[in-house]
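Worksheet: the structure to be examined is printed underneath.
Basis for what follows: all heavy atoms, side chains included, without hydrogens, waters or symmetry-related copies.
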Amino acid sequence: MEEIKKIAKELLAENKVQLIVGFEKGSANKVRPAFFTKPEEIDQLIYNEYCIHNIALYLKKDICQKANNLAIIANPNVVRSILQLASENQIAEEKIKIIGISFEGKCVGLLDFKAAEEFSKTQPKGIKPEDKALIEKIQAMPLEERFNYWVEAFSPCIKCYACRASCPMCYCGKCNVETNNPQWIPVAPHKYGNLEWHMMRAMHLAGRCINCGECNRSCPVNIPLNILSYMLSDFILDEFDSEAGMNAVFTPALSVYTSVDKENFIK
Amino acid sequence: MSEFEPKIVAFVCNWCTYAGADLTGTSRIKYSANVRIVRFPCTGRIDYMLLTKAFASGADGIIVSGCHPNDCHYTSGNFYARRRWMVFKKICDFMGIDTRRIVFSWVSAAEGGKWAEIVNSTNEEIKKLGPYESYHKLSTQDILA
Amino acid sequence: MQKIKLGYYPGCSLEGSSREYNESVQAIAEKLGIELVSIPDWNCCGATAAHNLNKELSLSLPARNLALAEEAGLKELVVPCAACYSRFTTTQHELMHDETMHQKVNGIIGKEYKGNLRILNVIQFIEEFIIDKLDDNIKFEFNKKVACYYGCLLVRPNKILNFDRTEDPQTMDVVMKKLGADSIDWAYKTECCGAGFSVSFTEAVGRLSGKIVEDADHRGAEALIVACPMCHSNLDMRRPEIDKYNGKKLNIPVLYITQAIGLALGIDRNILGLQRHFVTVKLNDFKPFAKKIEVENLQITEEI
Amino acid sequence: MSESHNHLVDNSLSGKIKKETGVSVARCYQCGKCSAGCPVSVDMDYPPSLLIRKLQTGLPEHEEQVLRSKSIWFCLSCEMCIARCPMEVDIPPMMDYLRHESIRLKKVNPASKNIISFHKAFLDSIEQTGKLYEMGLIVDYKTRSFNLMQDVMLAPSMFAKGKLSILPEVIKNRRNMKQIFKNTLKNKQK
Amino acid sequence: MARIGVFICHCGENISATVDCPKVSEVAAKFPGVVYSIDYKYMCSDPGQSMVVNAIKEHKLTGVVVSACSPRMHEPTFRRACAEAGLNPYLCEMANIREHCSWVHEKGDKTDQKAIDVVRMMVEKVKRNNALMSIKVPVTKTALVIGGGVAGIQAALDIANAGHKVIMVERDPSIGGHMSQLSETFPTLDCSQCILTPRMVEVAQNPNIKLYTYAEVESVEGFVGNFTVKIRKKAKSVDETVCNGCGLCTTKCPNKKIPNEFELGMGKRPAIYVPFPQAVPNIPVIDKINCTYYKTGKCKICEKVCQAKAIRFDQEDEIIEVAVGAIAICTGFDVKKTDFFPEYGYGKYKDIIDGLQFERMASASGPTSGEMRRPSDGQTPKKIVFVACAGSRDPAKGIEYCSKICCMYTAKHAMLYKHKVHDGTAYVFYMDIRAAGKNYDEFTRRGIEEDGAKYIRGRVSKIYERDGKLIVVGADTLMNAETVEIEADMVVLATAGVANPGAEELAQKLHVSYDQHKFFSEAHPKLKPVETNTAGIYLAGACQAPKDIPESVAAASGVAGKISCLFANNELTREPLIAFVDRTAPPEYSSCTGCFLCQPVCPYNAIEREDVKDRNGNLIKQLAYINPGLCQGCGTCVAVCKSKSIDIDGYTNSQMYYEVDALLNS
């Protein structure tokens, strides 16, 4: 933790960056994301096992867009998010300094994109064993039961869109769910509306989601919507050998093709 | 009770399958009248949200058809479409949407007979599966609940 | 050397007027360590008579044999007689593609025929189990000019049998070339010999078999090689009618391919049943086997 | 191609052939290749392509000629015609069906008496013993066809060469054989 | 508020026979936004069209829906009518109730309901159509002609004489195609070389035509008016600018035993060769596979004898890139070889030859200098059998179509044979004599009546060799299907006309559709026989289906006409149905997030990155921009864009959404 502070302080002191995105102590023993602009503020910077939020999210918000260049305390999920955003032309390498930290909390110092790619390959994926079990359980269900399972799972959804707000990949200025003519996704949080919304979100993240699990963690009613993207990521890895967040120059699966894509259902 | 007549929507590409369906017409090959054709410039243009929209609006079956690989008028539209359908079919199946009701096919401008056969066989299959009540109920009654 | 066990269906003529065919098959099988297990309590396949008079009968008779073979646990079934081979394969094909007829025939024969049996004609049997053993067992080179005669039911209907080519087949020629024979190109390889008319319309057999024997003889063949008992009996036993049709006496002998292999292996002529032929087989002075004969395998499937 | 437009029952002989054997004589454009290749077309009153032509007209007198023809009995089922037919008109199963119909309607051509007697004798032998008893076949055939002196010379040399076994080979399960024949050849209500 | 006019067509009774047009029109009148709805017998006729024009003026219509045949048929007609009436043509849509409805369904309520649904779909779509102006695109006034046969030559000459540049690409060392292999041509029996060679020379001398022989099309990009074509000019190992065509090298080359493709295996040629005497260009080519130098590194005799020093052994294949505005495909056809026929001996009998080989035998410059000499022993065949329909009209062999020209050239062959061997007999086994052209039947009658060709109506079942004779076993179906056996000295099979090898690969390079026999598909069998579905690419000659010379030449002139009118104006107007990225007021400037996931999917590289800068030049954001000139309107980018910032005119998101909605929520 000290090492991170030292690096951060130096960066700010030498005015290499104008902003550092990290964490600070919140009320009770909680933590919250924090934005430091002066070296002396770094004292409040902390990093412990509670700092699991994917703060790459803020890179597309105004506070970071205004800063000429900035640094960020990046666990592997954040690093992968940054690489994927870079591949989608959202972040320029020269404007960001990555202070890499492994899942166990060991600081690996400043990473350029090349090093970040190696780092993200070595770190384990965000999928937890119980997520995998849930995917198997659902896939084992018969069709009708699966449908009812998901309709039930989505029924508590009140369309607060916290999942969209917490996902670094959902950086669209005007999200499609807000278009009214034509209204592709019903606004009301009824069963039909919820199902369509989560299906569209899963399709939009197909081949782009780095499986950090923020969407599920930020969902007030804990809907297991992250496993939709987990399942698709595995499928896309098997079928097209394409994985998000692994390199800065990368075309997601649905924007590229090979003439020998295997399929067995087109007559 | 008259026998169940499925509502089938066909999303087809203008250069191959639409022309193939025209050829079915000029050759006077009869096929089921339960299908309605919606024309797209290319299969690459067919948006997956239109499929769920079709189910929600009362369709029981959907046919998506375009040019054979390498025959696409725009070179690669059908290749992108193929990848999209592989992913879309996977997520739909995982979410319990009955992908047996969506028939994907390649029909060229010279295959009038094949188009009639695809429509008739899809019509038979959907008749066996019956109306897509669970989705229609979801998108109609459940809205009011 | 562990014995290979194969299902075997001799058929009525191999136990009657064409006994020598059965003897030669058994002889070469025994010499090369192959045990032929006959189907217990097998019955006649019905040949032409059955399908001429009644469809269900023509399917039930072969189906009973196939069901018995499956019950006996056999995987392959060697059927030397081309007519029986044709009846078995067409029955298997028809029952596997017409489920209603399949159930009906199962009802008639009172057995459950499943249809997972591999039916081999004599040449397939030779290609799969005999050919590679030849090189170290061959004694004499069959250095004669021969005309290989396939007849009609061995290669047709090609869509169901898909064995060799319908026109100008080559599999028998390849076997004979491997024995050192010079197999000639001639015109009547797959023309019908008159088959079932042997008794009821002998004059036609005289004409059809007459043309076959005359053409082979005319091109200098020293022997006709056959793989079907009906063809053999017409070409051999009906030689008087053939000579009457051709207006000249032809004594070109007719051998089964299994007898030719037997001679090459050095098996005694009487064991091979050569003495039972009507046209005496005078072939002798075979050269002792010198070196292995290389035969490039012609592309034999019927592709258009 | 959906066949919905010709749903009216076609009770002509060619219609029944299409229903029973799936063979459509309408496909034949009379190229004559089957007649040219047929080994016994010279023995037939109507070569195969002419027989099909008569079925194509659908006229009752032509259908009568077909059922009473020698052609259907002299056909050897040697499969040469279907092997070369450009339109894949499967003549052998059609001939089978015409033979069954000719017997059922008792329109068998007298010139084919010998051929039918041989087939009947052949099947009688199988019905009794389950296998073909060649001696029995010859005796039965001669009583049916009355040409008693045929092949008289041949029997002794066949016997000498051991090609003629005196006693018949009988299968054990003769009841099964009887049952098969009762449900097929002897089946009355078909 | 929308003011839509609906016009239901009876199409004579093609539609009204199964669809109740008045009822559909009545129901359509009640659709929201429809102010005028009628049905009429012939909408595409003049009175029909003027009905549309008047209705637009009278009822001030803002949209028109014509429910009739396929839009691929009469959309242009009705859009032109609307434009006449002052309504933007792209506010007119067609509902397909003929090919997709009346012709394929039985009469009844279900069919009427379908017609009503389709009309409602189009009404909802038309309400959301935008008025569009067609796009002007520059046209490169150069044409590419692929294939140097008679069709290619005719097309190239016509286009060149119309004053446009032409680039001709021919795969063989010389142009001329199959016609240069023929002896005499029906129905006038004038010698093929005499009428073709002058045209070949004309091609070589025409200043507007750039000829590349021994060359193939490598790739084609772009679209009508703006194709970029890469041509692979294979190395001839001879410098064309230096060689004067003296031919000394071809005489001195020691390796003379190579079968000459031009003579179809019946003649030999040296390793450095000119395919035939009248070849254009008359430049020899070195066959790298068989030339001793290329195999062993020794010889080089041709280099030694060549006074002009034109031999270049190290010459490499050359890739030439050209810009063309239109492409004419004239790649011709081929004939099945005799090994295709199991019952005629799998091609093992030397004296069974195909039609083209007979042409070489009858040709004065052929291997036998025009004398009838059979390949096996060179004897003059006294009895010859011609077999028509060899492989054609034979679904069992996978060729169910009639090859159209064999009846005529078989009659010609019989006549040529009788002119050369007076005491010989010529039999012709035929199915039907298809001689439907001008003076065609008279020609075949002359062969039968004056030259005594013996025509036998029936197919040949088997041919086999015995004692040096070919025994032909056929039937005579006019004699009660009697078997006919002929002991012939030679047999000529009029084999089926098939697509050229490589046709499928070429079709895929050009994105033109082709049928299951690899013949190229025309845009419409009756109304657009020389066009393909791809704008700017045309078809002439036998590459589209077996054709004789008059038809090929006529089609070639047709193509030249089409290309000339394409080049008539400097700019090409193109359908404005292309994609665009939305633009909004600053500070967003657009809903596009600049992720550029759309860029890789565009097959025409039409999507560029536009930098949005503020007043003092620093970058605010990058946005996608679609170049209207390149975009062909496939719409793949529209479906890939997550935020739906891209839309495409004619198939906008809202149009497609409300089409589906209208179709199902009746």
task: Could you go through the side-chain contact (heavy atoms from CB on, under 4.5 Å) check for Gln30(D) and Met431(E) one step at a time?
output: CA-CA 9 Å; Gln30(D) 286 296 298; Met431(E) 286 282 90; over 6 Å; no
How about [atom1] on [X], more than 12 heavy atoms from neighbouring residues, nucleotides or ligands closer than 6.0 Å, or not?
| X | atom1 | answer |
| --- | --- | --- |
| Lys110(E) | NZ | yes |
| Asp109(E) | CG | no |
| Glu88(D) | CD | yes |
| Lys107(E) | NZ | yes |
| Asn480(E) | CG | no |
| Lys350(E) | NZ | no |

field: Side chain, backbone, both or neither of Cys85(D) within contact of chain E (heavy atoms, under 4.5 Å)
entry: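 Contact with chain E is through the backbone of Cys85(D) alone.
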Members of residues 154-174 of chain D whose heavy atoms come closer than 4.5 Å to chain E: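 Counting heavy atoms that sit under 4.5 Å from chain E, no residue of residues 154-174 of chain D is involved.
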field: Neighbours of chain E found in residues 45-78 of chain D - heavy atoms under 4.5 Å
entry: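 Listed by number, the contacting residues are Pro47(D), Ser49(D), Leu50(D).
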- request: Could you pull out the closest heavy-atom pair between Gly37(D) and Ser461(E), with the gap in Å?
  value: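 Residues Gly37(D) and Ser461(E), closest heavy atoms: CA-OG, 3.2 Å.
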query: Looking only at heavy atoms, what is the nearest atom pair of Arg459(E) and Pro86(D), with distance?
result: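 Looking at all heavy atoms of both residues, the shortest contact is NE-CG, 3.6 Å.
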message: Within this structure, what is the SG-CG distance for the pair Cys31(D) and Asp394(E), rounded to the nearest 0.5 Å?
response: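 Atom-to-atom, Cys31(D):SG and Asp394(E):CG are 8.5 Å apart.
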Are the side chains of [Y] and [X] in contact, using a 4.5 Å heavy-atom criterion?
| X | Y | answer |
| --- | --- | --- |
| Thr483(E) | Ser35(D) | no |
| Arg84(D) | Pro342(E) | no |
| Arg393(E) | Met87(D) | no |

message: Tell me which of these, Lys462(E), Glu400(E), Glu485(E), Glu482(E), has more heavy-atom pairs under 4.5 Å with chain D than the rest.
response: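 The residue among Lys462(E), Glu400(E), Glu485(E), Glu482(E) with the greatest pair count is Lys462(E).
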- prompt: Which bit of Val484(E) comes within less than 4.5 Å of chain D, counting heavy atoms only: side chain, backbone, both or neither?
  reply: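 Neither part.
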